[in-house]
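Please read the structure below before turning to the comments.
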There are 4 protein chains.
Amino acid sequence: MRVGMLTGGGDCPGLNAVIRAAVRKGVQDYGHEFIGYRDGWRGLVQGSTVPLGIPAVRGILPRGGTVLGSSRTNPFKDPDGVHRIRENLAKDDVDALIAIGGEDTLGVAARLHEEHGIRCVGVPKTIDNDLSATDYTFGFDTAVNIATEAIDRLHTTAESHMRVLVVEVMGRHAGWIALHSGLAGGANVILIPEQRFDLEEVCGWVTSRFRASYAPIVVVAEGAMPQDGDLVLKGAAAHDSFGHVRLSGVGEWLAKEIEQRTGKEARTIVLGHVQRGGTPSAFDRWLATRFGLHAIAAVRDGDFGRMVALRGTDIVRVPLRDATARLKTVPAPLYEEARTFFG
Amino acid sequence: MRVGMLTGGGDCPGLNAVIRAAVRKGVQDYGHEFIGYRDGWRGLVQGSTVPLGIPAVRGILPRGGTVLGSSRTNPFKDPDGVHRIRENLAKDDVDALIAIGGEDTLGVAARLHEEHGIRCVGVPKTIDNDLSATDYTFGFDTAVNIATEAIDRLHTTAESHMRVLVVEVMGRHAGWIALHSGLAGGANVILIPEQRFDLEEVCGWVTSRFRASYAPIVVVAEGAMPQDGDLVLKGAAAHDSFGHVRLSGVGEWLAKEIEQRTGKEARTIVLGHVQRGGTPSAFDRWLATRFGLHAIAAVRDGDFGRMVALRGTDIVRVPLRDATARLKTVPAPLYEEARTFFG
Amino acid sequence: MRVGMLTGGGDCPGLNAVIRAAVRKGVQDYGHEFIGYRDGWRGLVQGSTVPLGIPAVRGILPRGGTVLGSSRTNPFKDPDGVHRIRENLAKDDVDALIAIGGEDTLGVAARLHEEHGIRCVGVPKTIDNDLSATDYTFGFDTAVNIATEAIDRLHTTAESHMRVLVVEVMGRHAGWIALHSGLAGGANVILIPEQRFDLEEVCGWVTSRFRASYAPIVVVAEGAMPQDGDLVLKGAAAHDSFGHVRLSGVGEWLAKEIEQRTGKEARTIVLGHVQRGGTPSAFDRWLATRFGLHAIAAVRDGDFGRMVALRGTDIVRVPLRDATARLKTVPAPLYEEARTFFG
Amino acid sequence: MRVGMLTGGGDCPGLNAVIRAAVRKGVQDYGHEFIGYRDGWRGLVQGSTVPLGIPAVRGILPRGGTVLGSSRTNPFKDPDGVHRIRENLAKDDVDALIAIGGEDTLGVAARLHEEHGIRCVGVPKTIDNDLSATDYTFGFDTAVNIATEAIDRLHTTAESHMRVLVVEVMGRHAGWIALHSGLAGGANVILIPEQRFDLEEVCGWVTSRFRASYAPIVVVAEGAMPQDGDLVLKGAAAHDSFGHVRLSGVGEWLAKEIEQRTGKEARTIVLGHVQRGGTPSAFDRWLATRFGLHAIAAVRDGDFGRMVALRGTDIVRVPLRDATARLKTVPAPLYEEARTFFG
């Protein structure tokens with residue numbers, strides 16, 4: 001059996017661990033052969049491939065990024081796209097496809113499977129952890145650790161100058177990274193896209209923190225918006241084709257507003273790409289490795305149109321459709337918990 | 001309402017995060033007062049206390065260890081123990097108790113609640129992650145990250161000298177740390193207490209790794225045993241009263257055996273205490289903080305004889321009894337997954 | 001003997017290590033007493049002090065920032081400043097002063113010593129490592145490690161998307177952080193304030209890197225300028241009163257230019273405050289500790305108007321004047337070395 | 001011109017950075033060709049080579065260990081050794097040799113140059129930093145950072161259980177790693193090979209630390225010895241052919257003695273191989289890169305029989321002989337400085 005693999009969307013620590021695990025398991029235990037498609041769906045449409053065997057996956061477990069490359073190409077936007085995918089799969093003798101990616105990538109996989117009978121298995125990937133079908137996605141824990149370490153470092157600077165530090169982290173539609181790193185880093189304010197914030201209330205927390213003669217750290221998700229939401233469009237517009245944050249947006253805007261309203265010096269740090277690069281955390285390597293093992297097992301079982309997912313400590317299979325059905329956002333009660341530490 | 005808190009057993013990154021969260025929530029939202037008992041049950045028996053309020057918990061979130069100190073004192077071993085606990089709780093005007101600890105500490109809490117009507121809420125703590133009632137315990141993720149980072153470092157030394165490196169990690173009765181850090185670190189052999197290992201098979205994996213002209217890393221849990229289990233008693237005997245590993249035991253024994261049987265140089269690294277000290281990972285800070293918030297909520301609800309636990313991404317309450325009912329060990333299928341990467 | 005201590009200017013990892021070492025040595029070995037002045041010269045002018053003894057310095061060695069606080073107050077700008085300093089030193093019975101800071105802070109100390117006979121010893125502090133009188137200043141190694149780790153992480157993101165990543169690091173007048181972190185991180189272009197860069201040449205390196213089918217990382221010091229230097233004034237203007245970088249300036253400008261001229265997607269990461277916060281590296285703790293020990297030794301010897309400095313592996317004493325005499329910039333031959341790795 | 005390269009002795013973070021820098025510079029700027037000899041002198045004697053060009057050195061800068069492999073083979077111990085070296089150099093058309101290693105490796109290079117006219121340039125490598133001819137050697141800063149991070153972690157465990165922790169670090173003949181990591185980690189006792197320790201004095205420091213109600217951390221170099229030096233032979237005997245520490249020796253002995261004499265629980269952590277593996281620190285990458293650049297420059301200049309060395313912030317060339325002339329040990333006054341923090 002020949003299995004094709006591709007990675008789509010923004011890069012994420014753990015992609016290589018998925019690829020390695022699936023190839024190791026498939027070759028050793030199932031006698032599969034593998035072929036890699038370069039830069040996501042683009043490679044499959046254009047027929048640009050990468051040889052993929054045990055040697056190709058040696059030593060990639062701890063490496064960030066993806067050895068297959070990535071893109072945001074959507075074959076359905078190309079009138080000839082699906083046709084060329086069929087041709088290339090036939091040419092390459094590929095029996096099944098493992099697609100690793102987020103909403104868009106898996107949405108394509110779901111349609112290819114349902115509408116065109118192409119045998120696909122999906123592996124969920126979103127650094128924002130906003131897929132409802134799985135408890136966690138790999139890359140998220142790494143991003144949270146990096147953001148938390150940055151917040152740890154910023155506390156001492158804030159205290160030394162009694163100044164407000166605003167840390168903008170990833171999360172355009174869901175505030176998971178902000179919530180987890182803010183809680184772990186001991187932030188005094190955490191702002192997430194799920195709940196528009198009241199600038200007055202934010203300034204109140206900032207002021208009360210100073211009253212206790214400490215300096216506040218404000219963690220804000222790139223997608224968070226004030227109750228008056230104008231700047232948000234600006235913020236969103238400033239995102240590139242990979243959804244990576246640009247050096248403008250809510251963080252900088254917030255620091256300026258806080259400075260004006262509280263009279264305290266405020267500075268912004270936009271963590272940006274640093275959150276999604278580099279070696280994965282132990283948890284993400286473990287999760288990504290298990291996703292890879294279970295994805296190839298699904299292929300072996302002929303269980304297509306499915307995606308692997310984490311439920312508690314188990315890896316389960318869910319319909320590919322569910323992967324893209326609903327965005328997993330931070331529930332109000334969970335955000336409520338965090339408010340204990342505001343101000 | 002006055003709430004007593006204590007931490008028992010071996011230290012674990014995240015203990016301070018639990019204490020901080022419970023105190024912040026209890027004081028701010030419920031108007032509770034807190035009192036800390038020094039060094040676990042010993043402090044409660046001897047009436048040695050620590051003042052515990054907002055100021056006492058400032059800045060302790062990122063700090064390892066426990067500001068309350070710890071011990072392995074079991075009040076039931078002291079004929080007068082329970083009586084003195086009652087006296088001290090009365091003297092200190094304490095209405096409820098939050099006990100943070102492992103099997104032993106929570107076992108005492110369960111008996112105090114059931115047999116003596118003392119109002120206890122438990123928070124599970126075991127760096128080995130071997131409590132069946134919860135998906136994860138705080139401290140485990142930190143230990144796994146530290147062990148994984150060590151394994152990452154050791155690969156290059158092993159390769160440079162084409163030598164076997166045996167890494168002994170914590171885990172006397174359960175192999176969770178070995179399994180997770182071994183998978184995350186790309187170990188070539190992982191040995192856990194749940195399954196006695198066949199020395200010949202281990203040497204086979206070592207040899208095949210060298211045949212592929214790479215150097216093997218063997219990760220072994222301190223409690224792992226060969227099919228002939230003699231050395232194990234030795235190993236067990238070498239543990240101190242806190243169950244911390246000593247510089248003898250299975251790792252060193254294994255390196256010597258491998259060296260003799262394969263003729264390859266083999267060295268041992270015993271990570272020991274480094275795994276349980278220092279600042280908690282982001283995940284452990286988040287989990288410990290949530291445990292603290294939910295423990296004090298249980299106290300407020302008068303829901304005693306219960307322990308907080310993680311199920312998926314939710315914090316739930318389970319009977320204290322369950323906490324100590326059954327050891328959570330690595331299931332065979334999970335270990336089977338890891339074998340894909342052996343050799 | 002009573003010794004006053006203060007820290008001025010931007011915070012820097014290692015300040016607390018200096019304070020701790022001087023106090024430990026002074027109290028234990030010389031029988032000195034200490035008094036801390038809050039927020040640099042401001043505290044001395046306003047008479048706002050902090051008690052400073054062994055208990056006050058316990059546990060601060062690994063902590064970033066400064067327990068004394070900091071400011072940029074210059075007493076010579078206050079007509080009454082020097083007079084009030086004299087008064088406060090008399091009131092507090094202070095025989096000698098240890099001033100820890102950069103050009104400005106030490107410049108004040110030099111004048112107070114020369115023009116007003118106030119007995120001062122200086123400890124050099126500049127995260128940019130731009131003081132000519134010393135081989136290294138503490139904080140610099142920490143900043144370089146943080147920047148290097150960030151660059152390590154960014155390589156995989158750059159490769160996965162074959163995109164240019166521009167990393168803006170600290171260094172307004174000297175390119176030491178850019179040079180060291182760029183070399184250590186394997187950057188493909190390093191731009192420093194000492195040498196105006198040719199945008200065409202930069203784009204040439206970027207293009208040649210892509211030709212080798214790798215993605216380029218460009219490390220740029222915040223003070224670097226193109227041969228046409230207009231944007232630079234903008235960049236400089238964007239610095240706050242502590243000389244901390246703002247989210248505008250050369251990095252963002254450079255990414256836009258590269259994108260336009262090479263047609264490759266380019267993104268900017270501004271590391272900013274993260275470089276100067278948090279726990280010091282081992283080297284910085286060692287250097288800062290030795291500076292503290294030698295500063296208090298100079299006080300004991302009555303060797304005033306001097307600053308401690310690192311020469312090779314020795315700590316020496318140099319005239320305070322020299323500290324501020326000449327900016328230490330990157331010499332051309334050293335930058336030449338780095339060019340081996342450009343493109 | 002064809003240049004041979006080899007790495008000898010124990011591995012050390014930074015070796016790959018030296019190789020990469022020399023090859024990049026030599027190929028690009030001087031038009032040199034390179035050939036690698038596998039496993040130090042053994043490869044040159046046996047004629048086992050590794051192709052070495054720009055592609056071979058891509059991406060190795062951040063990797064620990066050595067891509068050339070290493071051994072402790074001494075060609076002068078083989079009657080035919082030098083003869084075969086001549087033959088292989090002739091066969092491979094090699095005009096000059098860059099030898100990267102410690103005392104032994106460079107001693108061989110010196111003799112080959114002096115006695116047999118083989119054109120050698122040396123690069124010093126010793127993780128213990130004990131070569132007198134250079135201020136620092138690469139690998140040392142990495143080892144000190146790893147040891148310091150471990151000590152940071154151990155403080156909280158020590159405090160939580162009020163127990164003595166003995167940390168055994170590398171350093172058989174020189175105490176540099178113990179001194180620097182002990183100072184940086186805030187150890188309460190530091191023991192080095194240069195000065196035999198008085199067990200009573202050590203126990204005094206331990207006891208006084210407990211009296212201040214803190215728990216002591218004792219950092220001991222593997223080569224440190226008590227005033228009664230018997231155990232030392234045992235300790236030394238326990239070293240393997242690469243001089244790596246074994247799980248026996250002074251640390252464990254010391255913990256037992258302290259426990260008996262003070263009645264306090266004491267535990268040992270032997271950091272061992274973890275100190276020398278993995279990615280180099282920024283400082284070590286910078287130093288190793290500069291060593292590589294200057295070594296190949298010496299080759300180009302025909303300046304043989306020389307070794308590159310660090311003096312202050314400059315790279316200089318010294319006679320190969322000096323490299324091995326005198327061991328650089330910790331001078332008494334420097335150790336005296338550290339005693340300020342004992343107890």
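Residue numbering restarts at 1 for every chain, and letters A, B, ... go by the order of the sequence lines.
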**Report entry** Ion pair C/Arg339/D/Asp29, N-O distance below 4.0 Å
**Finding:** no
Query raised in the report: OG of D/Ser181 to CZ of C/Arg285: how many Å apart, nearest 0.5 Å?
Result: 10.5 Å
Query raised in the report: Which value, rounded to the nearest 0.5 Å, describes the distance between C/Arg24 atom CZ and D/Phe342 atom CZ?
Result: 11.0 Å
Sort [X] into side chain, backbone, both or neither according to what part of it lies under 4.5 angstrom from a heavy atom of chain C.
X        : result
D/Gln28  : side chain
D/His294 : side chain
D/Ala212 : side chain
D/Asn145 : both
D/Leu334 : side chain

Requested in this report: Could you check which of D/Thr148, D/Asp284, D/Leu293 has the highest count of heavy-atom pairs closer than 4.5 Å to chain C?
Outcome: D/Leu293
Report task. Among the options D/Leu183, D/Thr313, D/Thr289, pick out the one with the most heavy-atom pairs lying under 4.5 Å from chain C. Result -> D/Thr313
Requested in this report: Please work out whether the ring planes of C/Tyr136 and D/Phe283 are parallel, tilted or perpendicular, with thresholds of 30° and 60°.
Outcome: perpendicular
Query - D/Phe341 and C/Arg20: CA distance, side-chain angles, deciding distance, side-chain contact (heavy atoms from CB on, under 4.5 Å) verdict - result: CA-CA 10 Å; D/Phe341 304 100; C/Arg20 165 184 176 263; 3.4 Å; yes
Requested in this report: Report, as yes or no, whether the 6.0 Å neighbourhood of atom CZ on D/Arg58 holds more than 12 heavy atoms from other residues, nucleotides or ligands.
Outcome: yes
Report task. Could you go through the salt bridge (Lys or Arg N to Asp or Glu O under 4.0 Å) check for C/Asp135 and D/Arg311 one step at a time? Result -> CA-CA 11 Å; C/Asp135 282 358; D/Arg311 292 278 169 82; over 6 Å; no
Requested in this report: Work out which heavy atom in D/Ala184 is nearest to a heavy atom in C/Leu61; give both atom names and the distance.
Outcome: O-CD2, 3.4 Å
